[in-house]
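Written below as structure tokens is the structure these notes are about.
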2 protein chains.
Amino acid sequence: MEPPKSRAPNIRDVARLAGVSYQTVSRVLNDAPSIRPSTRARVLEMIEKTGYRPNQAARALVTSKSRTIGVLMAQTANYGPTTSLHGIEDAARDAGYFVTTMTLHKPDVESIKAGLEHLTGQAIEGLVVIAPQVRVFDAFRKLDLSIPIVTLDSTAGHGPRSLSVDQIAGAKLATRHLIDLGHTEIVHLAGPQDWIEAEARMTGFLEAVGEADLRTHPPFLGDWTADFGYRAGWELTRFRDFTAVFAGNDQMALGLIHAFRAGGLDVPGDVSVVGFDDIPEARHFWPPLTTVHQNFAELGRRSVALLLGEVGGDGGTEQEQILPELRVRESTAPPRAQR
Amino acid sequence: MEPPKSRAPNIRDVARLAGVSYQTVSRVLNDAPSIRPSTRARVLEMIEKTGYRPNQAARALVTSKSRTIGVLMAQTANYGPTTSLHGIEDAARDAGYFVTTMTLHKPDVESIKAGLEHLTGQAIEGLVVIAPQVRVFDAFRKLDLSIPIVTLDSTAGHGPRSLSVDQIAGAKLATRHLIDLGHTEIVHLAGPQDWIEAEARMTGFLEAVGEADLRTHPPFLGDWTADFGYRAGWELTRFRDFTAVFAGNDQMALGLIHAFRAGGLDVPGDVSVVGFDDIPEARHFWPPLTTVHQNFAELGRRSVALLLGEVGGDGGTEQEQILPELRVRESTAPPRAQR
DNA sequence: TCACGAAATGTGAACGTACACATCGCCAAC
DNA sequence: GTTGGCGATGTGTACGTTCACATTTCGTGA
């Protein structure tokens with residue numbers, strides 16, 4: 001039994017016990033070449049015996065590498081960002097990195113600057129951003145920090161490196177599905193105006209509608225929540241000049257359907273609804289929701305790969321895109337007139 | 001313009017420019033007393049001018065305080081844990097702390113040990129655990145690390161310090177609601193067997209059923225997912241020897257309702273369903289779900305307060321409980337016979 | 001047997017900060 | 001005018017590690 005009061009063992013303690021110099025212990029730790037197997041074994045044994053753990057702070061001080069990745073994310077409990085975060089942590093840990101997260105209360109430049117200072121104070125080696133608000137990117141452009149950054153869930157052209165599920169393609173997929181069913185009056189319930197994803201989905205929607213030469217309804221600008229979808233649904237029910245709605249995400253779709261049903265509209269009988277994200281619950285909504293699936297965890301994992309690749313070598317601007325998939329379920333059907 | 005190649009400014013650079021010693025700069029940084037206001041101003045000005053940021057690694061090395069809180073969490077995108085995490089980060093940042101998260105793939109002792117080593121290597125000052133599996137706690141007991149720990153979402157008696165929404169009380173609330181409506185044949189769709197929350201909700205359910213002297217149906221053991229709820233719903237539909245189900249969480253309740261409807265059972269006409277958690281979507285389910293509300297964000301914030309309090313002074317074992325609330329909506333009604 | 005080179009190991013410094021203690025200057029009280 | 005005391009500031013050192021370079025050890029061929 002060790003006296004519990006004493007400080008943690010350091011590299012010199014281990015060295016003394018193993019009868020070698022501290023540098024030799026350091027070599028074993030960083031598995032450098034030219035170490036006699038017997039020496040390595042002895043050192044390893046003493047490390048085990050003393051319960052020695054290298055002090056990360058000291059390491060970071062001398063190497064100025066913290067082996068930490070920062071994640072800046074919007075404060076949302078939504079499925080997508082959260083799942084991506086888990087993907088990031090998975091990949092980071094596999095690569096021996098730590099993950100320090102930082103949530104943003106509000107997307108204003110002030111908060112972002114504060115968050116970033118907090119994070120860079122930690123000497124992070126790279127940053128993943130899962131807060132795809134336009135304002136966040138504007139803030140970044142002003143700050144130009146010197147570490148590699150990868151942005152998630154955004155579309156091309158906004159950051160130095162970005163990785164995303166192709167939101168425009170996904171939105172087109174969803175909209176064309178409605179058009180193919182025979183719908184001509186389609187409303188889009190969009191996400192918050194300053195979210196890049198929302199913008200991209202809107203773009204995809206408008207492109208698809210434009211290509212089919214349909215009337216363009218003014219979009220609703222929401223906030224991603226089911227509550228908002230519900231309120232929007234009430235508004236929409238008053239007009240009834242549409243037969244289908246493309247919702248910016250599954251939660252808003254859920255609220256919409258709720259309001260439609262409360263207002264006496266049948267889904268998909270009177271109106272078809274498509275969502276976006278394919279959260280695990282979407283298939284159990286009533287009716288099961290037709291939506292666009294994206295692989296968030298994969299996104300997170302690949303963002304780390306991209307980041308760590310950049311930490312080493314460096315290339316130019318790169319953008320990777322993952323293709324989303326349409327999942328047709330029971331919330332969509334041909335409009336009444338067709339049937 | 002500075003030559004961008006040079007290293008980051010350190011405390012001595014600032015001192016030189018301000019014409020004082022590095023120690024004086026250090027005093028300004030840690031706002032120690034006995035600094036002439038004019039000196040402080042001059043130092044502050046130079047800090048601003050050079051863009052100096054204190055090096056956290058050096059600080060951590062000398063003080064052996066990292067100003068970092070570790071969070072160990074189960075790899076789940078569920079609303080509850082995620083929201084609590086945001087609460088933790090909020091409170092931590094307000095207190096000037098960093099948060100390093102660590103997700104657990106599997107709840108085995110091996111993973112936990114690895115995760116903990118990863119985390120303690122970072123010299124965290126405290127740990128919040130949002131992975132309320134029984135096995136996780138067993139692992140902790142074996143490890144007995146020397147830093148303060150607060151566990152979340154668990155019930156009394158498992159950790160040194162725990163903070164929780166009283167799950168037993170919540171489960172009793174839900175079950176009594178069903179009993180008060182006149183139900184006598186109630187089934188419980190529980191969470192995974194080794195989750196402490198699941199255990200507690202089951203306990204609350206059994207107590208309420210016992211107090212009312214009702215027949216005890218064997219519970220179903222699920223995995224928190226809507227998919228499982230759906231499969232369980234199919235199973236249950238075959239028997240139909242019950243009039244109400246208390247689901248361990250909202251997602252499972254959703255799947256259940258889906259299966260019931262597919263099987264020709266009306267909710268709440270033929271069977272009442274109660275959930276747990278009150279995720280933001282629950283009120284938009286069809287029918288809107290009666291469930292038990294818990295304030296996850298508050299839980300997270302208070303866990304940090306508890307932890308940081310402990311980092312300073314120390315007291316004995318403490319347990320705090322937050323009371324949950326029943327939210328009655330439209331998925332519950334008296335059984336057919338009563339009406 | 002000796003010298004030589006490579007393998008194996010050791011020594012001195014540096015990273016940037018905070019703590020303990022030393023010193024300086026100044027004013028008031030005697 | 002000296003002394004004490006306190007406010008303000010400076011100096012030395014330690015934290016635990018890695019890097020650059022120096023030194024020792026060992027096997028090998030002449």
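Just so it is clear, the structure is predicted and the values come from calculations on it, not from any experiment. Note on naming: letters A, B, ... go to the chains in the order of the sequence lines (proteins, then strands), and numbering restarts at 1 for each one. Side-chain atoms are counted along with the backbone in the values below, which use heavy atoms only and exclude waters and symmetry mates.
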Here DNA chain D, pairs taken as Watson-Crick or G-U under 3.5 Å and shown with ( ), [ ] when crossing and | when to another strand, reads ||||||||||||||||||||||||||||||

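- Look at CZ on B:Arg40: it is 14 Å from C1' on D:dG7, rounded to the nearest Å.
- In this structure, B:Lys65 atom NZ and D:dG16 atom P are separated by 14 Å, rounded to whole Å.
- One distance of note links CG of A:Leu72 with OG1 of A:Thr100; it measures 12.0 Å at 0.5 Å rounding.
- Here A:Arg301 contributes atom CZ and A:His86 contributes atom NE2; the two are 12.0 Å apart, rounded to the nearest 0.5 Å.
- Residue B:Ser34 places no side-chain N or O under 4.0 Å from the OP1 or OP2 atom of D:dG7.
- Residues of residues 22-30 of chain A that place a heavy atom closer than 4.0 Å to DNA chain D, in numerical order, are A:Tyr22, A:Gln23, A:Ser26, A:Asn30.
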Contact list (N/O, under 3.5 angstrom) for nucleotides 23-28 of chain D vs protein:
none

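- Distances shown here put every side-chain N or O of A:Asn55 at or beyond 4.0 Å from the OP1 or OP2 atom of D:dG16.
- Residues A:Leu29 and A:Tyr52 meet the side-chain proximity criterion, which asks for heavy atoms closer than 4.5 Å.
- Closest to the side chain of A:Arg59, out of D:dT18, D:dG10, C:dT17, is D:dT18.
- In this structure, A:Arg16 places its CZ atom 16 Å from C1' of C:dG10, rounding to the nearest Å.
- Among D:dT17, D:dG16, C:dG10, the nucleotide with an atom closest to any side-chain atom of A:Val20 is C:dG10.
- Heavy-atom nearest nucleotides on DNA chain C were determined for B:Arg12 and for A:Ser38, and the one closer to the 5' end corresponds to A:Ser38.
- Summarising the geometry, atom CD1 belonging to A:Ile88 is positioned 9.5 Å from atom OG1 belonging to B:Thr101; distances are rounded to the nearest 0.5 Å.
- Contact annotation for B:Ser64: no contact, since no heavy-atom pair falls under 4.0 Å across all strands.
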Please test B:Leu308 against B:Ile69 for side-chain contact (heavy atoms from CB on, under 4.5 Å), starting from the C-alpha separation and ending with a verdict. CA-CA 9 Å; B:Leu308 261 28; B:Ile69 291 175; 3.9 Å; yes

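- The shortest distance between the side-chain N/O atoms of B:Thr39 and the OP1/OP2 oxygens of D:dT9 is below 4.0 Å.
- Set against C:dA14, C:dG16, D:dT9, the side chain of B:Asn10 has C:dG16 as its closest nucleotide.
- Side-chain atoms of A:Arg302 do not come within 3.5 Å of backbone N or O of A:Ala297 as any donor-acceptor pair.
- Side-chain atoms of A:Glu125 do not come within 3.5 Å of backbone N or O of A:Ile147 as any donor-acceptor pair.
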Decide yes or no on side-chain contact (heavy atoms from CB on, under 4.5 Å) for A:Leu17 and A:Thr50, but give the supporting numbers first. CA-CA 9 Å; A:Leu17 260 64; A:Thr50 55; 3.8 Å; yes

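- With rounding to the nearest 0.5 angstrom, the OG1 atom of A:Thr76 is 12.0 Å from the CG atom of A:Leu104.
- One distance of note links CD of B:Gln75 with OG1 of A:Thr82; it measures 11.5 Å at 0.5 Å rounding.
- Judged by distance alone, with hydrogens and angles left aside, the side-chain atoms of A:Asn10 form a donor-acceptor pair with the main-chain N or O of A:Asp13 at under 3.5 Å.
- Nucleic acid contact class of A:Pro54 (heavy atoms, under 4.0 Å, all strands): sugar-phosphate only.
- Between A:Gln56 atom CD and C:dG16 atom C1' the separation is 17 Å, expressed in whole Å.
- Going from atom CZ of A:Arg59 over to atom CZ of A:Arg67 covers 8.5 Å, rounded to the nearest 0.5 Å.
- In this structure, the nucleotide among C:dT9, C:dT17, D:dC15 sitting nearest to the side chain of B:Leu61 is D:dC15.
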